[in-house]
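In what follows, a single structure is set out as structure tokens and then discussed.
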2 protein chains.
Amino acid sequence: MKNTIKVERAKKNWTQADLAKHIGISRQGLNSIETGKFIPSTVLALRMAKVFDTTVEVLFQLDEAEG
Amino acid sequence: MKNTIKVERAKKNWTQADLAKHIGISRQGLNSIETGKFIPSTVLALRMAKVFDTTVEVLFQLDEAEG
DNA sequence: CAGCAAAGATAAGTAAACATTTCATATTGT
DNA sequence: ACAATATGAAATGTTTACTTATCTTTGCTG
């Protein structure tokens, strides 16, 4: 799964630590999500979409193998 | 977190087993998601939204404590 | 009423998410 | 270039998503 977290973060000029704090996870946890090391729960995805004022579908995109 | 999986399933006249097969998880796993026993991964949420031709936000709603 | 399919629930086990700590490597400002 | 800050990443440990199996309940249909 791909994501556009870094882009959305840049729009708000937030660090990983900033975003992590907003959605209630550790900085390292967010880093692992952002770099695709693990799949976030739907709660986290919804929280992220909310703070970025966008949708889960915009933030996360399934790739071929997952579709 | 609340969800409208049952409603969407009813629209398509699918059983839990049908939906589970479509998104690639066990029937019991889907049952546990549908009844709120655990939070699905974003991949599953996106797959569900896709097969129902809707969005993750429509299928899953954070409640107060999670918002 | 019998019998089957759909659904809910629970227990035990596995895999993966997420935390914490720590260290290395950019990137940026002065 | 130097220092401070931001990011990437690995090891270890805990929690939780998810599987498989089993049992019960509900509702439908012969």
Side-chain angles (χ1 to χ4, degrees):
Chain A
M1 193 174 62
K2 295 173 183 172
N3 70 75
T4 57
I5 299 173
K6 196 169 187 173
V7 175
E8 296 299 322
R9 226 168 22 80
K11 287 184 189 171
K12 281 202 174 276
N13 201 32
W14 280 359
T15 67
Q16 290 184 341
D18 290 334
L19 176 54
K21 196 170 187 178
H22 271 86
I23 63 174
I25 64 172
S26 69
R27 183 189 71 79
Q28 292 82 347
L30 173 65
N31 180 290
S32 292
I33 292 172
E34 191 169 311
T35 57
K37 292 205 161 189
F38 64 73
I39 308 294
S41 72
T42 297
V43 167
L44 291 184
L46 285 171
R47 281 197 198 139
M48 262 195 239
K50 190 175 181 184
V51 300
F52 285 141
D53 197 31
T54 183
T55 65
V56 173
E57 281 80 1
V58 167
L59 272 177
F60 299 95
Q61 306 89 36
L62 294 173
D63 40 43
E64 314 300 327
E66 296 163 330
Chain B
M1 192 174 63
K2 295 173 185 173
N3 70 75
T4 57
I5 299 173
K6 196 170 187 172
V7 175
E8 295 300 323
R9 218 161 35 73
K11 286 184 190 171
K12 282 203 174 274
N13 201 32
W14 279 0
T15 67
Q16 290 185 341
D18 289 334
L19 176 55
K21 196 169 186 179
H22 271 87
I23 63 174
I25 64 171
S26 70
R27 186 185 69 79
Q28 292 88 334
L30 174 65
N31 182 296
S32 292
I33 292 172
E34 192 170 308
T35 58
K37 290 207 161 190
F38 64 72
I39 307 295
S41 72
T42 297
V43 167
L44 290 185
L46 286 170
R47 282 198 198 139
M48 264 194 238
K50 191 176 180 184
V51 301
F52 285 141
D53 197 30
T54 183
T55 65
V56 173
E57 281 80 2
V58 167
L59 272 176
F60 299 95
Q61 305 90 38
L62 294 174
D63 40 43
E64 314 300 326
E66 297 162 330

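Everything numeric here is computed off the predicted structure, so don't read it as measured data. Here is the naming used below: chain letters follow the sequence lines, and residue numbers restart at 1 for every chain.
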[X]: what forms a side chain to side chain contact (heavy atoms under 4.5 Å, CB included) with it, not counting sequence neighbours?
X       : result
A:Lys6  : A:Arg9, A:Glu34
B:Ser41 : A:Ile39, B:Val43, B:Leu44
B:Lys11 : B:Val7, B:Glu8

**Prompt:** For every nucleotide of nucleotides 8-20 of chain D, 5' to 3': is a protein heavy atom under 4.0 Å from its base (B), only from its sugar-phosphate (S), or from neither (-)?
**Reply:** BBS------SBBB
**Request:** For residues 55-67 of chain A, pull every pair meeting salt bridge (Lys or Arg N to Asp or Glu O under 4.0 Å), keeping only residues two or more places apart or in separate chains.
**Result:**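 Sorted pair list comes back empty.
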**Request:** Figure out the CD1/P separation between B:Ile5 and C:dA6, and round it to whole Å.
**Result:**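 Result: 18 Å.
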**Request:** Calculate the interatomic distance between A:Lys21 atom NZ and D:dA6 atom P; express it in whole Å.
**Result:**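 So the two atoms are 13 Å apart, to the nearest Å.
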**Request:** Tell me whether A:Ile5 is reachable from A:Val58 by hopping between hydrophobic residues (I, L, V, M, F, W, Y) whose side-chain heavy atoms are closer than 4.5 Å.
**Result:**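 They do not share one cluster, since no chain of ILVMFWY contacts under 4.5 Å joins A:Val58 to A:Ile5.
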**Request:** Five pairs at each end of the helix from C:dC1-D:dG30 to C:dT30-D:dA1: take the axis at both ends and give me the angle between them to 10°.
**Result:**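 Comparing the first five pairs with the last five, the axes sit 50° apart.
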**Item:** Geometric class of the A:Phe52/A:Trp14 ring pair [parallel <30°, tilted 30-60°, perpendicular >60°]
**Value:**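 It falls in the tilted class, 30° to 60°.
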**Asked** Quick check: does any side chain N or O of A:Asn31 sit under 3.5 Å from a backbone N or O of A:Gln28, one acting as donor and the other as acceptor?
**Response**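 Not confirmed, A:Asn31 side chain does not pair with A:Gln28 backbone.
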**Asked** In Å and rounded to the nearest 0.5 Å, what is the OG1 to CD distance from B:Thr4 to B:Gln61?
**Response**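 The CD atom of B:Gln61 is 5.5 Å from OG1 of B:Thr4, to the nearest 0.5 Å.
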